[in-house]
Student: 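Handing you a structure now.
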Amino acid sequence: MARTTPIAIAIVTGNSRSISRQIVDAIRMQITTGDLPQGVQVPSVRGLAQQLGINPNTVAKSYGQLTAEGWLESRQGLGLFVAVRRQQFSAEERERRFDDAVGRFVSEVVAIQYPHDAAVARIEDALEALTPRKIA
């Protein structure tokens, strides 16, 4: 039987993103950076719900979305595992998703009146911090 890999997720109450969205985003990031390598088993719905102190239905919703998007795969009788990543979006779909993400980010930056140059610098720092982890 495969050993379940723990997932470090911090849920922020009062966040504009739903708890389900926070789980999806955290797991995507961990898979992308290699913190959750392909083929490892993720905690059960009940296990992650217990760890986070949330309703199992919320975790099930998040896992369902991640499975539908190809981030996780279900193995009959064994559980959920990190799927082999493949390019699943067309160039147009990637651009559309990127435009949506940029739009949401810019709206938030403007709403909190954060200095534009500081926001750009923070993005560059965050992307740079991820780059070495992807190469390793």
Student: List for me each residue that meets side-chain hydrogen bond (donor to acceptor under 3.5 Å, both in side chains) alongside Q30, sequence neighbours excluded, and say none if there are none.
Tutor: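 By the side-chain hydrogen bond (donor to acceptor under 3.5 Å, both in side chains) rule, Q30 matches no residue at all.
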
Student: Who are the side-chain contact (heavy atoms from CB on, under 4.5 Å) partners of A118, not counting sequence neighbours?
Tutor: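 With sequence neighbours excluded, A118 shows a side-chain contact (heavy atoms from CB on, under 4.5 Å) to Y114, P115, given in chain and number order.
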
Student: Sort and list the pairs that fulfil salt bridge (charged side-chain N to carboxylate O under 4.0 Å, His left out) and have at least one residue in residues 13-22, not counting sequence neighbours.
Tutor: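 Found R17-D25, R21-D25.
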
Student: Who passes side-chain hydrogen bond (donor to acceptor under 3.5 Å, both in side chains) against E73, sequence neighbours left out?
Tutor: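 Applying side-chain hydrogen bond (donor to acceptor under 3.5 Å, both in side chains) to E73 gives R75.
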
Student: I want to check something: taking the side chain as every heavy atom from C-beta on, are R28 and L66 in contact at a cut-off of under 4.5 Å?
Tutor: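 Yes; the side chains approach each other to less than 4.5 Å.
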
Student: Tell me the closest heavy-atom pair linking I9 and A26, and the distance in Å.
Tutor: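 Closest approach of I9 to A26, heavy atoms only: CG1-CB, 3.9 Å.
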
Student: Would you please name every residue forming a side-chain hydrogen bond (donor to acceptor under 3.5 Å, both in side chains) with S20, sequence neighbours left out?
Tutor: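 Partners of S20 by the side-chain hydrogen bond (donor to acceptor under 3.5 Å, both in side chains) criterion, ordered by chain and then number, come out as S62.
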
Student: Run the side-chain contact (heavy atoms from CB on, under 4.5 Å) test against I123 and tell me which residues pass, sequence neighbours left out.
Tutor: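 Once residues adjacent in sequence are excluded, the partners of I123 under the side-chain contact (heavy atoms from CB on, under 4.5 Å) criterion are F105, L127.
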
Student: Answer with yes or no whether the hydrophobic clustering places V110 together with V102; edges join I, L, V, M, F, W, Y residues whose side-chain heavy atoms lie under 4.5 Å apart.
Tutor: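 Shared cluster, yes.
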
Student: Can you name the side-chain contact (heavy atoms from CB on, under 4.5 Å) partners of S74, sequence neighbours left out?
Tutor: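 Listed in chain order: L80.
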
Student: What I'd like to find out is whether the side chain of Y63 reaches to under 4.5 Å of the side chain of S44, using heavy atoms alone.
Tutor: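 With C-beta onward as the side chain, the pair stays apart.
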
Student: Can you measure from CD1 (I27) to CD (Q65) and round to the nearest 0.5 angstrom?
Tutor: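 That separation rounds to 10.5 Å.
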
Student: Just to verify, what does V40 make a side-chain contact (heavy atoms from CB on, under 4.5 Å) with, not counting sequence neighbours?
Tutor: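 Partners of V40 under the side-chain contact (heavy atoms from CB on, under 4.5 Å) test: T5, L36, P37, V82.
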
Student: Are the side chains of V59 and N57 in touch, meaning some heavy atoms are under 4.5 Å apart?
Tutor: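 In short, these two side chains do not touch, never coming nearer than 4.5 Å.
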
Student: Side-chain contact test, heavy atoms from C-beta onward, threshold under 4.5 Å: evaluate it for M29 versus T33 and give yes or no.
Tutor: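 M29 reaches T33 side chain to side chain.
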
Student: Rounded to the nearest 0.5 Å, how far apart are CG of L72 and CD1 of I31?
Tutor: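 If we round to the nearest 0.5 Å, L72:CG and I31:CD1 are 5.0 Å apart.
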
Student: Got a donor-acceptor contact below 3.5 angstrom from the Q51 side chain to the P43 backbone?
Tutor: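 Side chain of Q51 to backbone of P43: no pair is present.
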
Student: Supply the atom-to-atom distance D99 CG to R104 CZ, rounded to the nearest 0.5 angstrom.
Tutor: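 Those atoms lie 10.5 Å apart.
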
Student: May I ask you to test the V42-L48 pair for a side-chain heavy-atom distance under 4.5 Å?
Tutor: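 Contact flag for V42/L48 side chains = no.
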
Student: Partners of E93 by side-chain hydrogen bond (donor to acceptor under 3.5 Å, both in side chains), sequence neighbours excluded?
Tutor: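 Scan of E93 (side-chain hydrogen bond (donor to acceptor under 3.5 Å, both in side chains), adjacent residues dropped) gives R96, R97.
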
Student: Could you tell me if the side chain of I7 sits less than 4.5 Å from the side chain of I23, heavy atoms only?
Tutor: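 They are not in contact (no side-chain heavy atoms under 4.5 Å apart), so the answer is no.
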
Student: Got a sec, which pairs hit salt bridge (charged side-chain N to carboxylate O under 4.0 Å, His left out) with one end in residues 107-126, sequence neighbours left out?
Tutor: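 For residues 107-126, and leaving out neighbouring residues, there are no salt bridge (charged side-chain N to carboxylate O under 4.0 Å, His left out) pairs at all.
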
Student: Could you pull out the closest heavy-atom pair between Q22 and N15, with the gap in Å?
Tutor: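 Closest heavy-atom pair between Q22 and N15: NE2-CB, 3.5 Å.
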
Student: Do I54 and V12 sit in one hydrophobic cluster, given that two such residues count as connected whenever their side-chain heavy atoms are within less than 4.5 Å of each other, even indirectly?
Tutor: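 In one cluster: no.
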
Student: L78 and Q41: which non-hydrogen atoms are nearest, and at how many Å?
Tutor: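 Scanning both residues completely, I find the closest heavy atoms to be O-NE2, 2.7 Å.
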
